[in-house]
Peer 1: 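What follows is a structure written as structure tokens; I'll ask about it next.
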Amino acid sequence: MAKQYKFDLKRPHQFFGLGFGLGLSPIAPGTFGTLGALPLIFITANYPLWLQVVFAVVISVFGLWVCGQTARDVQVHDHPAIVWDEVAGFYITMLGAALSWQSLIVGFLLFRFFDIVKPGPIKMLDKRLHGGFGIMVDDVLAGIFSLICVQALFKTGVLTG
């Protein structure tokens with residue numbers, strides 16, 4: 001029988017670490033947790049790019065603490081319910097993108113691809129690093145890889161805004 005972990009969404013670090021509770025989904029918590037970035041993406045969509053980048057850095061640094069603390073609470077390095085890293089990664093994916101349902105779907109699929117497959121340096125860092133930094137770094141890199149792809153699709157005209 002799988003061990004059950006007691007999460008408490010009244011604790012601020014767990015509320016955010018669990019992606020506003022989306023990480024508690026019994027199926028595909030990482031996929032559902034990724035959706036937690038949508039309000040942040042929509043709220044900041046019209047901000048200048050430099051401010052979106054600052055916001056991405058802030059939510060990523062914040063993630064070091066909330067993911068690390070939540071992992072310590074349940075004594076599991078990267079419990080599947082801890083999804084703030086996915087929130088930050090998808091937010092990074094959509095930096096500076098013209099928002100449309102097409103760009104959001106493509107960005108989402110690219111981010112989930114890089115987050116799940118973990119090519120090259122993403123897999124290496126995921127295996128070697130621990131704590132909040134270890135939880136966050138692979139998703140931040142997956143977000144950067146996805147960001148490059150999304151921007152390339154805009155530049156080539158495959159995606160339009």
Peer 1: Between W84 and F20 (judged by ring centroids, cut-off 6.0 Å), do the two rings come close enough to count as a pair?
Peer 2: yes
Peer 1: If I compare all heavy atoms of G23 with all of P29, which pair ends up nearest, and what's the gap?
Peer 2: O-CB, 3.2 Å
Peer 1: To the nearest 0.5 Å, tell me how far Q102 CD sits from T160 OG1.
Peer 2: 6.5 Å
Peer 1: Honestly curious: do I105 and L95 fall in one hydrophobic cluster under the side-chain, below-4.5 Å linking rule?
Peer 2: yes
Peer 1: Using the side chain to side chain contact (heavy atoms under 4.5 Å, CB included) rule, take L129 and D138 through it: C-alpha gap first, then chi angles, then the decisive distance, then the call.
Peer 2: CA-CA 9 Å; L129 301 172; D138 63 308; over 6 Å; no
Peer 1: Which atom pair, heavy atoms only, marks the closest approach of V87 to A37?
Peer 2: O-CB, 3.3 Å
Peer 1: For the atom pair CG (L110) and CE (M94), what is the distance rounded to the nearest 0.5 Å?
Peer 2: 9.5 Å
Peer 1: Should F32 and L24 count as side-chain neighbours, where that means a heavy-atom distance under 4.5 Å?
Peer 2: no
Peer 1: Check the pair F90, L40 against side chain to side chain contact (heavy atoms under 4.5 Å, CB included), reporting the backbone distance first and the verdict last.
Peer 2: CA-CA 10 Å; F90 185 40; L40 304 175; over 6 Å; no
Peer 1: I'd like to check the ring-ring contact (aromatic ring centres under 6.0 Å, His included) partners of F113; sequence neighbours left out, ordered by chain and number.
Peer 2: none
Peer 1: Apply the ring-ring contact (aromatic ring centres under 6.0 Å, His included) test between F55 and each candidate in Y91, Y47, F62; give the one that qualifies.
Peer 2: Y91
Peer 1: Roughly how far, to the nearest 0.5 Å, is CG of L104 from CZ of F108?
Peer 2: 10.5 Å
Peer 1: Among the clusters formed by ILVMFWY side chains lying less than 4.5 Å apart, do L159 and W101 turn up in the same one?
Peer 2: yes
Peer 1: Under 3.5 Å, is there a donor-acceptor pair between the side chain of E86 and the main chain of G30?
Peer 2: no
Peer 1: Taking only residues two or more places apart in sequence or in another chain, which ones pass salt bridge (charged side-chain N to carboxylate O under 4.0 Å, His left out) with D78?
Peer 2: none
Peer 1: Output yes when a side-chain donor or acceptor of K123 lies under 3.5 Å from a complementary backbone atom of G120, and no otherwise.
Peer 2: no
Peer 1: Please say yes or no: joined through hydrophobic side-chain contacts below 4.5 Å, possibly via intermediate residues, are M136 and I122 part of one cluster?
Peer 2: yes
Peer 1: Rounded to the nearest 0.5 Å, what's the gap from OG1 on T70 to CZ on F7? Could you check?
Peer 2: 7.5 Å
Peer 1: Atom CD1 in I82, atom CZ in F16: separation rounded to 0.5 Å?
Peer 2: 15.5 Å
Peer 1: Between I92 and V58, is there shared hydrophobic-cluster membership here, with clusters defined by ILVMFWY side-chain heavy atoms closer than 4.5 Å?
Peer 2: no
Peer 1: Where is the tightest heavy-atom contact between S103 and A98, given as atom of each residue plus distance?
Peer 2: OG-O, 2.9 Å
Peer 1: What's the separation between atom CD in Q151 and atom OG in S146, rounded to the nearest 0.5 Å?
Peer 2: 11.5 Å
Peer 1: Is there a path of hydrophobic side-chain contacts, each under 4.5 Å between heavy atoms of I/L/V/M/F/W/Y residues, joining V83 to F15?
Peer 2: no
Peer 1: For A45 versus L99, what's the shortest heavy-atom pair and its separation?
Peer 2: CB-CD1, 3.5 Å
